[in-house]
Amino acid sequence: MTEKSNVEFSEREALFFHSTGRPGKIEIIASKPMATQRDLSLAYSPGVAAPVLAIAKDPATAYDYTAKGNLVAVISNGTAILGLGNLGALASKPVMEGKSVLFKRFADVDSIDIELKTEDVDRLIDAIELMEPTFGGINLEDFKAPECFIIEQTLKERMNIPVFHDDQHGTAIIAAAGVINAALLTGREMKDLKVVVNGAGAASIACTELIKALGVPHDQVIMCDSKGVIWQGRTEGMNQWKSAHAVKTDARTLTEAMKGADVFLGLSVKGAVTSEMVRHMADKPVIFAMANPDPEITPPEARAARPDAIVATGRSDYPNQVNNVLGFPFIFRGALDVRATTINEAMKVAAAQAIAELARAQVPEEVAKAYGKSQSFGPEYIIPAPFDPRLMELVPSAVAQAAMDSGVAQKPIADMAAYRQSLKARLNPTTSVLNSVYEAAKANPRRVVFAEAEEEVVLRAAIQCREMGYGTPVLVGRAEVYDKLRALGVRDPESFELHNSVNSPLVPEMVDILYGRLQRRGYLRRDCERMVNRDRNIFGSLLLKMGQADTMITGVTRPYAQTLREVKRVIDPAAGHIPFGIHVMVSKNQTVFLADTTVHERPSAEELADIAEGTVAVARRMGHDPRVAFLSYSSFGNPPGSFLENVRDAIQILDEREVDFEYEGEMSPDVALNPAVMKNYPFSRLSGPANILVMPGLQSANISAKLLRELGGATMIGPMLVGMEKSVQIATMASSASELLTLTVLGAGGIAL
């Protein structure tokens, strides 16, 4: 099912997202170095001749010498786009690009979107079949029924790579996982379920076929379409796919079919199910109202009629979301890794069972944070969350095992335990945690002070914050801010909360607070009045200090050090902590934390130890097992120097504190990060490359962070300010709206404390 958020994005913000920077959502990058003439000669002519000849001799080696084995085509002709209908191939491209992004984000599968401008079934089949040499798998998307059945089945017969129509089978697999768990919770066996399916399109038929494969008897499933029950002998509006699920029954309407039913699977239209229908279902009814974008009946309506009901929908704003992203990336991951020739029924059943088992397992901290509360298996948690990091390990391995057991794997996996470990290593845990932090912000939105609201980039971040449901913006600026909001396309700018010192009733109390803090530090009361009235950072920090908001973002109009000085006039360090800055470098399968990058020019040994402990806490909140390296130009005394004692003393301080994480130093960056170089120091206490780099001073730290931001290929998050009594984030002057929003959510979500 396509995810529907509980917060609607405006058309303007969606278009801005897709058009800003590089248009679209995907790009192609080289996986090998291309820096020298020799690199280019190896990549193309003459070096390319060697793999060409090898593949010509043995076609299977294409998986060894090309990207084929990790490449999926996402193909559509746009005849059934999301819930929008037949809008054509070109209009489907944003959706197919999005699908490609999800493949990469969730399962590290490379994919290319292909939109075919034809509704002719034969031409579509021929075109897709001809692509077999290029791809390791085919994901069909947004093809209308009944043509989608013909296209998929014919391609599966003709092609020797997996062909998977996600609109059918993706929904079916996730729904089946939920049905397995709902049956378990209600004390039912699959063989005893009486099921009503409303809708006879691609997804409905796939759901029906899969639950039957899981043990629900054919004659205990009643399927309905817009003309009523599909019963044996009916001729009106029938086709071969509907006829396969016709049963002997006296029921002719959905209302009649629902009487005594245990399970309802809806893939039809909004409002198709009434409260009266639900009341006539069996005890503890199970209702999957998956119509897109609005369900057949909402969970509150269903539970009002039957408090004992278990309800799932396709939406993210209700529990038990049937979301295809739980399935297709991981199913293809497993299929590709064993070079499966198809995705068969056994593999789909294995995926459904693995997803069901995951929901019954103890819920990890990342998932619990996303919901804003502890989650455990039960009526409101029968389907795992899509950002559960364990999906990457469990579902592909289950699919791969089923492919091997059913005889469709061309490259069986000899060591399944090692394979599962490799799956865990493919993705960076930071990506899952960041996603969960954004979900946590939605679940528990905070009030956010945007201290520089007269800046366009800040207003864009504030707009996104509100429209995406991450928090309530508290803007600091003059009345002209409303005009700027209107110019950015906001229809109701006055609905934004705006604070201006010119007319704020809070100013007298703010002056009292500030004067009380600064009167013995050389400031007169009129100095404090001037700062409150003229300095946005002072004013915004006082809003935070007085409890008018939960977090603050600033920094785009003034240098970091100046902004921090202004903030510290109002906000103190947290008790027992020192403030410092962290930059986080996120690559595909590695995250490295750099500290202190913003505050302490030459930290003492005690401060270095505190910085290490504070960074470890942040790393753990982002899903990492910390390994700390105290960096220097010297590695364990070679070469000797005059500025090594602080680092060595910091190590001794941590020894005395008996901390529960790995740490080592002093060491150069290559020793800390390169396993081959690290082998020269077998006495090192680090079990692997460091992921936390504590820098010896602000010069090296800040320069390194900015160089990596400008020259590195990884994503840089930060600087995050930690160690303050209130959540304050100070961005850089070059920050984008997206970067401001990320810092805001990290601060509000408890990562940067």
Side-chain angles (χ1 to χ4, degrees), residues 1-9 82-84 167 170-172 174-179 181-183 185-186 195-201 203-204 207 222-226 253-326 359 370-373 375 377-386 439 442-445 467-469:
M1 297 298 294
T2 302
E3 180 174 346
K4 179 181 174 65
S5 172
N6 56 330
V7 177
E8 297 286 352
F9 304 140
L82 299 177
L84 304 173
D167 299 316
T171 301
I174 313 309
V179 170
N181 282 339
L185 282 171
T186 57
V195 181
V196 173
V197 180
N198 196 46
S204 301
C207 284
I222 297 177
M223 181 178 288
C224 303
D225 62 9
S226 59
T253 66
L254 177 61
T255 300
E256 294 171 356
M258 289 282 277
K259 292 179 180 178
D262 299 305
V263 179
F264 170 79
L265 298 179
L267 295 114
S268 52
V269 295
K270 174 185 178 181
V273 173
T274 66
S275 298
E276 189 67 19
M277 292 179 190
V278 173
R279 278 192 284 270
H280 284 93
M281 293 180 71
D283 290 343
K284 299 179 182 178
V286 177
I287 300 165
F288 279 65
M290 298 178 284
N292 181 38
D294 297 303
E296 286 83 357
I297 185 170
T298 67
E301 291 170 334
R303 280 192 284 269
R306 290 293 297 273
D308 59 344
I310 295 176
V311 189
T313 70
R315 292 173 51 146
S316 64
D317 50 340
Y318 296 124
N320 300 323
Q321 184 195 10
V322 180
N323 189 333
N324 285 19
V325 80
L326 285 160
Y371 282 86
K373 61 180 180 180
Q375 284 288 329
F377 178 58
E380 294 197 346
Y381 196 82
I382 60 172
I383 299 172
E439 293 297 324
K442 280 187 185 180
N444 188 25
E467 293 191 346
M468 293 179 176

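Bear in mind that the values here come from a model prediction, so they are computed numbers and not experimental data.
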Name every donor-acceptor pair, under 3.5 Å, that has one atom in a side chain of residues 279-291 and the other anywhere in the protein, sequence neighbours excluded.
from, atom 1, to, atom 2, distance (Å)
R279, NE, E276, OE1, 3.4
R279, NH2, E276, OE1, 3.0
H280, ND1, E276, O, 2.9

The reported gap from CD1 in I297 to OG1 in T274 (rounded to nearest 0.5 angstrom) is 7.0 Å
Which pair of non-hydrogen atoms, one from A359 and one from N181, has the smallest distance, and what is that distance? CB-ND2, 3.5 Å
On a heavy-atom basis, which atom in V311 and which in N320 lie closest, and how many Å separate them? O-ND2, 3.1 Å
Among pairs that include at least one residue of residues 253-268, which meet salt bridge (Lys or Arg N to Asp or Glu O under 4.0 Å), considering only residues two or more places apart or in two chains? R188-D262
Do you know which two heavy atoms are closest between A302 and V278, and how far apart they sit? O-CG1, 3.9 Å
Looking at side-chain heavy atoms only, is the closest gap between T313 and P299 below 4.5 Å? yes
Smallest separation among heavy atoms of N324 and G170, with atom names: OD1-C, 3.6 Å
Do L267 and C207 touch side chain to side chain, with heavy atoms closer than 4.5 Å? yes
Just wondering, do E296 and F264 contact through their side chains at under 4.5 Å, heavy atoms? yes
Which atom names give the shortest non-hydrogen contact between D225 and A200, and what distance separates them? CB-CB, 3.9 Å
Are the side chains of V273 and M258 in touch, meaning some heavy atoms are under 4.5 Å apart? yes
Heavy-atom side-chain contact between Y318 and T298 under 4.5 Å: yes
To the nearest 0.5 Å, how far apart are CE in M223 and CG in L254? 12.5 Å
For the student: nearest non-hydrogen atoms of P386 and L326, plus distance: CA-CD2, 3.6 Å
